[in-house]
Chemist: 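The structure follows.
What you see below is based on every heavy atom in this structure, not just the backbone, and it leaves out hydrogens, waters and symmetry mates. By convention in this document, chain letters (A, B, ...) are assigned in the order of the sequence lines, proteins followed by strands, and residues within each chain are numbered from 1.
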Amino acid sequence: MANLPILQFEEKILDTVERNPVVVIIGETGSGKSTQLSQMLHKRGYTKSGIIAVTQPRRVAAVSVSRRVAQELGVRLGEEVGYAIRFEDRTSEKTRIKYLTDGVLLRESLTNPELNQYSVIILDEAHERSLNTDILLGLMKRLVKIRTSNLKVLITSATLDGEKVSRFFSNCPVLNVPGKLFPVEILYSTERPSSYLEASLKTAIDIHVREPEGDVLIFMTGQDDIEKLVLKLEERIQRLEEGSCMDAIVLPLHGSLPPEMQVRVFSPPPLNCRRFIVATNIAETSLTVDGVVYVIDSGYVKQRQYNPSTGMYSLDVVQISRVQADQRAGRAGRTRPGKCYRLYPSMVYHDELLDATVPEIQRSSLAGSVLYLKSLDLTDIDILKFDLLDPPSSESLEDALKQLYLIDAIDENGSITRVGRTMAELPLEPSLSRTLMEANECGCLSQALTVAAMLSAETTLLPGRSKSNEKKRKHAPSELPDGSGWGDHIQLLQIYEHWDQTDYDIDWCKDNSLQVRGMMFVKDVRKQLCQIMQKIGNGSLDVRTNERRKESRQDYRNLRKALCVGYANQLAERMIRHNGYRTSGFKSQLVQVHPSSVLRADEEGMLPNYVVYHELIATSRPYMRNVCTVEMPWVAPILKKLEKLNIKKLSGGSSHSEERIEVENINLPKKEVDVAVPTDDRDSRVQAARERFLARKANR
DNA sequence: GAGCACTGC
């Protein structure tokens, strides 16, 4: 700690902060900015008038960095130094330095827009440009003007374009702090390979044969490529080993790997053994692997992007940015001088790659963010001109407004409604918040809470739940409910209710290949949503899960109706002659129900006339994922509203208008939902992964 | 008859 580069700059930093409301600090990896800045300011007395907040883009980072700082200051975590992340607030009245995720800080500013409890706000890792960080940057710009006398803002980052941020904050000073990285030699390919998988394989073997010891980190785009490369590498190494090469092991590393497999990269390799780590961009920022000396960079990354003109997401393999390329190269120089092999020519790096990754705010649907900003009532700011470092396109903003209008969050003049205000308080996508509001009126709040919570856990939930997989499974057939034909939302509801009736039995999850961790997360989310809804409804709502309701034939009418209102912006109508659908948006799209859906066709093989969907995603074709049957009479008012839509009025209006929709409280007895301690479920995850692997193999 | 990079309230 004593030799951290940033400490040599202490006086300079404190002096600059003293004289400026906003300071940008560029510090490479290993500079110590995340742990030291807060301590410096604390020592200098900035915690006398308020708390120092340090935001992090990730939960683990908030926890681990705060732990370090507490240790260095010799205090107990949760007292002078603490952290706050979703579901976990380890701060107390004593807390002077608080680490939190940027999402938590955004939530806090909802109840306290001026964030008066803080004397200093440090936005760390701003170069990652997460949606939340970008919105915070915009809020900070405004806040320093309002709280001129008593707020300091520091923006710290590894490779952020300091000049750009400085210009954004009226030319605030930029301080550069060197990092502790070793030099990394960059080697380019003479041309772009026809297959970067083969090129990676060849380069890896070359390194293994020619270069001295040191681990190799290979950046690939996804699980499929990683699995292929791991197999090929193992094969090639085995053939080599009879020669004079040192031993080697190959480790995959990606997000859908069970935690205990991910952790393997942290245990040191056996003596005289080289490790090959084949990873996604998870190894770029989220996980740091020690011992890496060589990096192989394919130059590609898989990125999810939103197209506001179609309302569709797609997951594309795209070229990385220069910032990303540098970040990847830096992974080779953490312990000693290293080498980075770029599988593309230097001309591509210099002329073709984008300077920086397209920020998330330009790649996402903005309905949630626009609603959030509208709910802040920043009377001095026109929401559509909200000052952001990289503003989204007007098309994207208009798309957000249309969506919000269709679900009654804003009126025809673009003003936030009372419903919209309540929606903003829920940590959910607007469609699901709206569903909860409506469900509250329909008397099916409890069911809607469950559906919303289940959808929050998304993919972690059901590995291979399709029918064919169930048939092929060797064990007893799954007893998982199937949504009674109504669709995926209903199935999710039934699964949770089933689990609830087993008293949250972990074995039941395992037997049905549900991820215990995912289910525990759902339980946490549901509890949090319950609490917020209770607060909104003054504690009088019925949020109980169904207790063995003995209805022989339930058609989930109320719940489906609530979903239809909530998903008014995600409605589709079936074609007359076949089972394709046309979305009922502003620009109609031809889409299909995702094959994994449990939606059932009638005796003639036809799917329902109308469905709402949770998400549109273009993979091999445009698909609707998670669909639910809705009825014609509920659809009519939506189509009417769609006709009346006037985008000029929506984006121009700032006058307040009357409320047309009110949420009424229903007086019903309440029951606290119990809390469960999250449990590990590594076995089931490994099991599920193995099953998927075997199933795939058997298919070919 | 498909497949999913990474985060977060």
Side-chain angles (χ1 to χ4, degrees), chain A residues 55-62 84-89 100-111 125 128-136 219-227 253-257 262 279-287 298 300-305 313-318 320 324 357 360 363-364 368-369 371-372 423-430 432-433 452-453 456-469 471 521 524-525 528-529 531-532 579 592-597 615 617-625 689 692-693 695-696 699:
Chain A
T55 69
Q56 295 289 327
R58 277 172 293 280
R59 294 163 56 95
V60 270
I85 58 179
R86 189 179 190 181
F87 306 133
E88 209 181 338
D89 185 351
L100 31 61
T101 47
D102 35 26
V104 170
L105 189 61
L106 279 177
R107 286 280 140 199
E108 286 185 2
S109 80
L110 214 47
T111 44
E125 315 287 1
E128 291 189 21
R129 302 295 307 275
S130 74
L131 184 55
N132 287 341
T133 308
D134 269 18
I135 290 174
L136 278 176
F219 283 102
M220 301 298 286
T221 58
Q223 182 176 352
D224 252 22
D225 284 349
I226 289 174
E227 281 167 8
L253 181 61
H254 53 83
S256 36
L257 218 54
Q262 289 188 10
T280 58
N281 47 335
I282 195 171
E284 228 171 78
T285 47
S286 304
L287 295 177
S298 63
Y300 291 95
V301 68
K302 210 177 271 187
Q303 221 172 46
R304 188 178 148 98
Q305 26 218 4
Y313 276 97
S314 61
L315 202 61
D316 309 316
V317 174
V318 298
I320 58 171
Q324 259 178 310
T357 313
E360 205 186 340
R363 291 189 282 119
S364 325
S369 301
L371 179 62
Y372 170 84
M423 284 165 58
E425 287 188 51
L426 290 156
L428 292 170
E429 297 152 57
L432 289 175
S433 311
S456 299
E458 266 200 287
T459 50
T460 53
L461 194 59
L462 303 167
R465 62 169 157 156
S466 68
K467 285 173 205 158
S468 64
N469 274 0
K471 271 182 207 158
F521 176 77
D524 277 343
V525 174
Q528 187 190 27
L529 296 177
Q531 286 167 346
I532 297 170
N579 276 333
Q592 297 199 314
V593 176
H594 197 276
S596 68
S597 175
E615 183 182 51
I617 177 116
T619 49
S620 56
R621 296 162 129 175
Y623 283 115
M624 299 182 280
R625 243 185 349 204
R692 258 179 302 166
F693 176 68
R696 245 204 316 266
N699 277 338

Chemist: Should A:Asn579 and A:Gln592 count as side-chain neighbours, where that means a heavy-atom distance under 4.5 Å?
Modeler: no
Chemist: How about A:Ser130 and A:Asn132: does a side-chain donor come under 3.5 Å of a side-chain acceptor?
Modeler: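 Looking only at side-chain atoms, A:Asn132 and A:Ser130 do not form any donor-acceptor pair under 3.5 Å.
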Chemist: What is the separation between atom NZ on A:Lys302 and atom P on B:dT7, rounded to the nearest whole Å?
Modeler: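 It is 15 Å, rounded to the nearest whole Å.
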Chemist: What's the CZ-P distance between A:Phe521 and B:dT7, to the nearest Å?
Modeler: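 Value for this atom pair: 13 Å.
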Chemist: For the residue pair A:Ser596 / A:Tyr623, report whether a side-chain donor-acceptor contact shorter than 3.5 Å exists.
Modeler: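 Per modelled atom types, A:Tyr623 and A:Ser596 side chains form no pair under 3.5 Å.
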Chemist: As a test of reading the structure: which of B:dC9, B:dA5, B:dA2 is closest to the side chain of A:Pro595, going by heavy atoms?
Modeler: B:dA2
Chemist: Rounded off to whole Å, could you give me the CG-to-C1' distance for the A:Leu110 and B:dG8 pair?
Modeler: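 In whole Å, B:dG8 C1' lies 15 Å from A:Leu110 CG.
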Chemist: Applying a 4.0 Å non-hydrogen cut-off, can you work out what A:Ser620 is touching in the nucleic acid: base, sugar-phosphate, or nothing?
Modeler: sugar-phosphate
Chemist: Mind checking what makes side-chain hydrogen bond (donor to acceptor under 3.5 Å, both in side chains) contact with A:Tyr313, not counting sequence neighbours?
Modeler: none
Chemist: For A:Tyr313 and B:dT7, give me the distance from atom OH to atom C1', rounded to whole Å.
Modeler: 13 Å
Chemist: Applying side-chain contact (heavy atoms from CB on, under 4.5 Å), name anything that partners A:Thr55, two or more places apart in sequence or on another chain.
Modeler: A:Leu100, A:Asp102, A:Leu105, A:Leu123, A:Leu136
Chemist: For DNA chain B, whose closest nucleotide is more 5', that of A:Pro57 or that of A:Gln303?
Modeler: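 The 5'-side residue here is A:Gln303.
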Chemist: Regarding A:Val104, tell me which of base, sugar-phosphate or nothing describes its non-hydrogen contacts under 4.0 Å with the strands shown.
Modeler: sugar-phosphate
Chemist: Want to settle it: does A:Leu426 or A:Arg363 sit nearer the 5' end of DNA chain B, counting the closest nucleotide to each?
Modeler: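 So the residue in question is A:Arg363.
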Chemist: For the side chain of A:Thr101, starting at C-beta, report the closest nucleotide among B:dA2, B:dA5, B:dC9.
Modeler: B:dC9
Chemist: May I ask you to say what A:Leu315 touches in the nucleic acid, namely base, sugar-phosphate or nothing, with a heavy-atom cut-off under 4.0 Å?
Modeler: base
Chemist: Choosing from B:dG8, B:dT7, B:dC4, which nucleotide comes nearest the side chain of A:Arg625?
Modeler: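 Ranking B:dG8, B:dT7, B:dC4 by closest atom to the A:Arg625 side chain puts B:dC4 first.
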Chemist: Rounded to whole angstroms, how far apart are CG on A:Leu105 and P on B:dT7?
Modeler: 21 Å
Chemist: Just the rounded figure in Å: distance from C1' of B:dA5 to CD of A:Gln262.
Modeler: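 Distance, rounded to whole Å: 13 Å.
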Chemist: Hey, does the side chain of A:Arg304 come within less than 4.0 Å of B:dT7's phosphate (OP1/OP2), counting only N and O?
Modeler: no
Chemist: If you only use heavy atoms from C-beta on, which nucleotide in B:dC4, B:dA2, B:dG8 is closest to the side chain of A:Tyr623?
Modeler: B:dA2
Chemist: Respond yes when some side-chain nitrogen or oxygen of A:Thr285 is under 4.0 Å from OP1 or OP2 of B:dT7, and no when none is.
Modeler: no
Chemist: Within this structure, what is the CE-to-P distance between A:Met220 and B:dC4, rounded to whole angstrom?
Modeler: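 So the two atoms are 16 Å apart, to the nearest Å.
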Chemist: Starting at CD of A:Glu360 and ending at P of B:dC9, how long is that distance when rounded to a whole Å?
Modeler: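 Taking CD of A:Glu360 and P of B:dC9, I get 13 Å after rounding.
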Chemist: So which nucleotide from B:dC4, B:dG8, B:dA2 ends up closest to the side chain of A:Arg621?
Modeler: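 For A:Arg621, the side-chain atoms sit closest to B:dA2.
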